[in-house]
Amino acid sequence: MRSLPDAAALLKIARDGLLNELLPHLPKEHHYTALMAANALAISMREISADDGQHKAEAALLHELYGQAAADEGVDAFAAHLARDFRAGRFDDRLNDAGELLMAEVRARLSISNPKYLKQAGLN
Amino acid sequence: MNATTETSGQPDIATFAAAFLKRETGADEVEVHDCKRLGGGAIQENLALAVTVRGGPWDGRHELVLRTDSPSSLAVSLSRAEEFAVLQAAFAAGVTVPEPLWLHRDQGEFGKDFYLMRKAGGSAAARPLVRGDLTPDERDALVAQLGTELARLHSVRPPVAALDFLPLPDGSPALSRVREYRRHIDAIGRPQPTLEWALRWLELNAPTSTETTLTHGDFRTGNYMVEGGRLSAVLDWEFAGWSDPMEDLGWLCARCWRFGAWDNEVGGVGGSAALARGYESVSARPLDLSLLPYWKVMGTMRWAVIALMQAERHLSGEQPSLELALTGRMLPEIELDLIQEIQSIEKERARHA
């Protein structure tokens, strides 16, 4: 059974309250903190409502570089491995391809952290 | 005005500075009229002092800035005494800096070192500058001035006896940075595949020809003052060191320091042609702009490492902070910049292959 409103809806209404009802009454020196709090709520809201884009991008990256077994294991287990292999030069002959795959993964994370930035970078 | 009430937390600094100035200037009397904390660093504290010196060669009224460590000082940057020596070297080389005047080396009388410099006019605020109403000509002139300042600074080459505390890069400055950033990432202990990818690229593509000069280390919009459209002072010298001069240019031009004004490559203010023109107006050598894209990647990498370190202060529980937490969430932006910058260099290279 699911309680309503769900987490995303609660975060949204909390953010609206912060920006529309509280912010106008705050002294100017506290606006920055309030805006940061609103941003933190917006990121959380997008994160819990996110599709599986990041998961897919990570799986594609691991599949391409290590094969299907690694993709099944997931990026959390493989991040250290991947980082070490880049440093050791294991993918030197396909750094550009790896860059494309990393780009898809970074875009997925950015669409949660700061979608406006993606837009400014000409990617959305 | 009662100066001691204005210094919030350091009730005796104005009194101490007055006695110090009296000795240093050989005055009969020094009066501090005003002592205000200036905005800025969490690491350093800057106090604006208005003083009247009576007697001696400094007789008259002076607007000064006293710079000292803040209570939460970190040991990663230069000490105030070292920074004073760098500022003197930059001033002697003709860089527009607040003139460094007197250094207090503490022997326990006050509790910490400080130095005094002339107060520069203008504002260092970045956003009003990049969004401001400077005309294209004024922007070009300001950017050219940034180039001139850097060229003057980069005319200082090792060895310089007064700067012997600055370590020389171990071999290539670029490769030395790659090693340094890897050490920082390892110390944090969270794997960073995208950053490792970019660091490997920086390692494989490190420039073969390189030179070593005095560099500012944090030369960017926000760290220089502008008054009436002209640069009035280059500030914040605590990251100065010996490095490849292009590192300063790459940092200034990296996307992360354009404050949203991405079309203006040089610090959100103007274009690199004006920067090169200003640089070459005083430098004995032409500025090789073909190296700029590489050093922009290096600058972006530096910002990634700084952001990681800041976020870690929150993540580790050392300093819970909303601002530091959100800095952690800026990493994807910086990673995107790195990938796009590297891809555009590679595309350009493929086109000419």
Side-chain angles (χ1 to χ4, degrees), chain A residues 29 32-44 46-47 54 58 61-62 65 75-118 120-124, chain B residues 39 127 178-179 181-183 185-186 188-205 255-256 258-263 297 304 307 311 314 321-347 349-350 353:
Chain A
E29 65 268 27
Y32 183 53
T33 304
L35 291 172
M36 285 195 298
N39 188 25
L41 293 172
I43 294 171
S44 310
R46 288 191 294 267
E47 184 161 299
Q54 186 181 343
E58 289 170 351
L61 171 73
L62 293 177
L65 297 180
V75 82
D76 284 339
F78 246 80
H81 198 141
L82 189 55
R84 205 165 47 237
D85 283 350
F86 278 132
R87 189 183 293 193
R90 179 166 168 201
F91 299 116
D92 282 359
D93 56 345
R94 33 186 188 145
L95 270 191
N96 289 348
D97 297 340
E100 283 295 336
L101 295 159
L102 287 167
M103 173 67 110
E105 195 268 341
V106 168
R107 279 174 76 159
R109 276 189 285 133
L110 198 46
S111 70
I112 291 165
S113 300
N114 189 353
K116 280 187 195 152
Y117 199 88
L118 268 181
Q120 189 170 8
L123 291 173
N124 211 357
Chain B
R127 284 181 194 281
V178 168
R179 286 193 294 274
Y181 297 153
R182 284 177 174 159
R183 279 197 302 275
I185 290 172
D186 289 345
I188 290 170
R190 302 179 201 275
Q192 303 293 339
T194 310
L195 303 191
E196 293 291 351
W197 171 81
L199 278 167
R200 181 63 181 162
W201 185 89
L202 283 164
E203 185 171 49
L204 293 171
N205 292 278
R255 198 194 255 174
C256 53
R258 294 182 208 160
F259 296 89
W262 288 8
D263 291 342
V297 177
H314 172 83
S321 146
L322 178 54
E323 188 167 27
L324 295 175
L326 286 171
T327 303
R329 280 301 186 115
M330 286 174 72
L331 247 298
E333 297 168 24
I334 311 169
E335 291 171 81
L336 184 83
D337 287 356
L338 280 170
I339 298 174
Q340 286 194 317
E341 282 165 349
I342 290 174
Q343 284 184 335
S344 86
I345 294 171
E346 289 294 337
K347 271 189 198 126
R349 186 177 290 167

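When reading the values below, keep in mind they use all heavy atoms of this one structure, side chains included, and skip hydrogens, waters and symmetry mates. Remember, it's a predicted structure, so these values are computed and weren't measured experimentally. Sequence lines set the chain letters: A, B, ... in the order given, protein chains first and strands last, and positions in each chain run from 1.
- The residue among B:Gln343, B:Arg182, B:Glu323, B:Glu203 with the most heavy atom pairs within less than 4.5 Å of chain A is B:Arg182.
- Atom CG of B:Leu326 is separated from atom CG of A:Asn39 by 5.5 Å, given to the nearest 0.5 angstrom.
- To the nearest 0.5 angstrom, B:Leu331 atom CG is 11.0 Å from A:Leu110 atom CG.
- Residues A:Gln120 and B:Gly260 share a closest heavy-atom pair of NE2-O, 2.9 Å.
- Of all the listed residues (B:Leu195, B:Leu338, B:Asp186), the one sharing the greatest number of non-hydrogen pairs under 4.5 Å with chain A is B:Asp186.
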Legend entry - A:Ile112/B:Arg329 under side-chain contact (heavy atoms from CB on, under 4.5 Å): CA gap, chis, key distance, verdict: CA-CA 9 Å; A:Ile112 291 165; B:Arg329 280 301 186 115; 3.8 Å; yes
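- Looking at B:Glu333, the atoms closer than 4.5 Å to chain A (heavy atoms on both sides) sit in the backbone and in the side chain alike.
- Here B:Thr194 contributes atom OG1 and A:Phe86 contributes atom CZ; the two are 7.5 Å apart, rounded to the nearest 0.5 Å.
- For A:Tyr32, the part lying under 4.5 angstrom from a heavy atom of chain B is the side chain only.
- In this structure, B:Leu322 and A:Ala37 approach most closely via the heavy-atom pair CD2-N, 3.5 Å.
- The candidate with the highest count of non-hydrogen atom pairs below 4.5 Å against chain B, out of A:Ala108, A:Ala40, A:Ala121, A:Ala98, is A:Ala121.
- Dense packing is recorded around CG of A:Asp93, with more than 12 heavy atoms of other residues, nucleotides or ligands lying under 6.0 Å away.
- A:Leu123 is listed as a side-chain neighbour of B:Leu336, based on a closest heavy-atom distance under 4.5 Å.
- Scanning all heavy atoms of the two residues, the minimum distance from B:Pro193 to A:Ala79 falls at CG-O, 3.7 Å.
- Here B:Glu346 contributes atom CD and A:Leu95 contributes atom CG; the two are 8.0 Å apart, rounded to the nearest 0.5 Å.
- Taking the six-membered ring for Trp and the full ring otherwise, B:Trp201 and A:Phe91 have centroids separated by 6.0 Å or more.
- Taken from CD1 in B:Ile185 to CZ in A:Arg87, the straight-line distance is 6.5 Å, to the nearest 0.5 Å.
- The line from CZ of A:Arg84 to CD of B:Glu196 is 10.5 Å long, rounded to the nearest 0.5 Å.
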